[in-house]
Amino acid sequence: MNHTVAVIGGGYGGSLVAKELDSEADVTLIDPREAFVNAAASLRALTRPDWAHNAFFPFATLLQRGRVIRDRAVSVDPKGVTLASGERVEADYLVLATGSGYTYPAKPNHASTSIAQQLDDLRETYGELAGTDRVLILGAGPVGLELAGEIKDVWPDKYVVILDRTDQLLPGFLPEVRDGLRHQLDALGIDVRLGAGLTALPTVEAGRAGRFAVTTHKGEQIVADIWFQAFGVEINTGYLADGCLSPLTERKTVPVTGRLNVQGYDHIYAIGDIAALPDPKMASYAMTHADIVVKNIRAQLAGDRPDAVHAPTPERRILLPLGTRAGIGQLPTPDGVAAATAETVYQRKGADLFTARFASRFDRA
Ligand SMILES: Cc1cc2nc3c(=O)[nH]c(=O)nc-3n(C[C@H](O)[C@H](O)[C@H](O)COP(=O)(O)OP(=O)(O)OC[C@H]3O[C@@H](n4cnc5c(N)ncnc54)[C@H](O)[C@@H]3O)c2cc1C
């Protein structure tokens, strides 16, 4: 009889583990969504409705042998998972990969789990955005910056202002990367104001058209027609809060060992944004974790000692397109990290926002 593996969450990390182990074990992938969401593509999916479908990859085409259950985990214990429907899935190995939520449109609305619903949401917000002249983005992290770049790419004449209460752009990245970013934002006419916390949030709902004014703590007044929230990552570990497995950290992440086992369990792993690791919360790290877990479960399936160990890296990397024509990056080299050219950022991310890579994972022709 085959061994069983249950993967909870089919994001960047979980879908990779499920796919890789599909031929060697009986895999069950659990996710409330109809499709994998390539979050890196979600901001262009907002500004280009004809292209938006590219951000979604149905789970139906991921596995050859395994099954996909469209449901949400509500509790996990050492033997298995309890789902919102009440169904139990017990397995020899469990991989927790439930990632994080981010405010829409960077990640989909919580309640929108079908592709059709998610595309409807994006089309509706596009309709609100298209007719506006002045766009306010709160948060000057990578998500806010990318959103501004995508908006300017489609509507160069819209006024786009980004406010952030911190006083540095991309802290921790190389000075030449940060200078290059400033230069490109100026060239695109994106108004970034730092040290600019607001006295109160806009009175209009995020993503809805309607003129409003906000005031910064410095007393500046900004008038805009629509706004987007680009801050506030939420780690998806509520289903572990009942303590049937291990206690979570203060940040609601899951403590893991070097082999990425949940502390205390050789047959349970946690990867990606939910793992309590110093790695940045990025898809590239979730996929690195997935590779380690695949190696370890493969060894266990073969009756060998699992010995793949994850070495968290202090190096900061980023590919940050500003639409299809500009962007900055920082990538590892044999001599440490270095700035990437706009051409490299375009080729590695900006051109298709990783669509081709996931088309191959999900067997999309
Ligand atoms: C706009 C944007 C752009 C980004 N660009 C990049 C980039 O260019 N490069 C990069 O490296 N990173 C990027 N990131 C970060 C990246 O998206 C995250 O780090 C990544 O999604 C984490 O992957 P994960 O596998 O941990 O989980 P996720 O991709 O978050 O997937 C988690 C999955 O678990 C499911 N789930 C949640 N709760 C449950 C539950 N209770 N039961 C079952 N299933 C559940 C969800 O439906 C989801 O499918 C970007 C993020 C955003 C928002």
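Numbering of ligands and ligand atoms starts at 1, following listing order.
- At a threshold of 4.0 Å, the pair R298-D304 does not count as salt-bridged, since none of the basic side-chain nitrogens sits closer than that to a carboxylate oxygen.
- The closest protein non-hydrogen atom to atom 47 (O) of ligand 1 is D31 OD1, 2.8 Å.
- The contact set between ligand 1 and I30, taken as ligand atoms under 4.0 Å from a residue heavy atom, comprises 43 (C), 44 (N).
- Looking at atom 6 (C) of ligand 1, its nearest protein heavy atom turns out to be K349 NZ, 4.0 Å.
- Using a 4.0 Å heavy-atom cutoff, F36 is absent from the residues neighbouring ligand 1.
- In the model, Y346 has no side-chain atom that pairs as donor or acceptor with a side-chain atom of T324 under 3.5 Å.
- Closest to atom 31 (O) of ligand 1, if we only count protein heavy atoms, is G11 CA, 3.1 Å.
- Side-chain atoms of S100 and N236 include no donor-acceptor pair closer than 3.5 Å.
- The protein atom (non-hydrogen) at minimum distance from atom 30 (O) of ligand 1 is K107 NZ, 2.9 Å.
- Here L301 contributes atom CG and T4 contributes atom OG1; the two are 9.5 Å apart, rounded to the nearest 0.5 Å.
- Atoms of ligand 1 lying under 4.0 Å from any heavy atom of A97, numbered from 1 in the order shown and given with element: 32 (C), 33 (C), 34 (O).
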Starting from the C-alpha separation in whole Å, work towards a yes-or-no answer on side-chain contact (heavy atoms from CB on, under 4.5 Å) for L136 and F212.
-> CA-CA 10 Å; L136 168 66; F212 60 88; 3.8 Å; yes

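- Neither the backbone nor the side chain of P142 has a heavy atom within less than 4.0 Å of ligand 1.
- Atoms of ligand 1 found under 4.0 Å from any heavy atom of I8 (numbered from 1 in listed order, with element): 42 (N), 43 (C).
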For Y104 and L122, run side-chain contact (heavy atoms from CB on, under 4.5 Å): C-alpha distance rounded to whole Å, both residues' side-chain angles, the deciding distance at 0.1 Å, then the answer.
-> CA-CA 9 Å; Y104 169 82; L122 289 166; 4.0 Å; yes

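- The shortest N or O to N or O distance between E146 and ligand 1 is not below 3.5 Å.
- Y12 and F36 have perpendicular rings, their planes meeting at more than 60° on a 0 to 90° scale where under 30° would count as parallel.
- The backbone N or O of R65 lies less than 3.5 Å from a partner atom in the side chain of D22, making a donor-acceptor pair.
- Other residues, nucleotides and ligands contribute at most 12 non-hydrogen atoms within 6.0 Å of the NZ atom of K252.
- Counting atoms of ligand 1 from 1 in the listed order, those under 4.0 Å from a heavy atom of Y239 are 41 (N).
- Geometrically, R364 engages F57 in a cation-pi contact, judged by NZ or CZ lying under 6.0 Å from the ring centre and within 45° of the ring axis.
- The aromatic rings of F59 and F362 lie tilted to each other, with the angle between the two planes from 30° to 60°.
- Atom numbering of ligand 1 starts at 1 in the shown order; those under 4.0 Å from a heavy atom of K281 are 15 (C), 19 (O).
- Nearest protein neighbour of atom 44 (N) of ligand 1, counting heavy atoms only, is P32 CD, 3.3 Å.
- The shortest N or O to N or O distance between F354 and ligand 1 is not below 3.5 Å.
- Residue contacts with ligand 1: S42 is placed with no nitrogen or oxygen under 3.5 Å of a nitrogen or oxygen of the ligand (distance criterion only).
- With 3.5 Å as the limit, one finds no donor-acceptor pair spanning the side chains of R33 and T113.
- Nearest protein heavy-atom neighbour of atom 50 (C) of ligand 1: A39 CB, 4.5 Å.
- The residue among L147, I235, T98 with a heavy atom at the shortest distance from atom 36 (N) of ligand 1 is T98.
- Using bins of under 30°, 30° to 60° and over 60° for the plane-to-plane angle, the ring pair Y285/H289 lands in the tilted bin.
- The nearest heavy-atom contact from the protein to atom 26 (O) of ligand 1 is D273 N, 2.9 Å.
- Taking all heavy atoms of Y102, Y12, Y285, Y104 into account, the minimum distance to atom 23 (O) of ligand 1 is reached by Y12.
- Nearest protein heavy-atom neighbour of atom 42 (N) of ligand 1: A73 N, 2.9 Å.
- With a heavy-atom cut-off of 4.0 Å, A106 touches ligand 1 through backbone and side chain alike.
- With Y126 as the aromatic partner, R123 does not meet the cation-pi criteria of under 6.0 angstrom to the ring centre and within 45 degrees of the ring axis.
- The N/O atoms of I271, backbone and side chain alike, include none that comes under 3.5 Å of an N/O atom in ligand 1.
- Closest to atom 9 (N) of ligand 1 by heavy atom, among M282, R317, R72, is M282.
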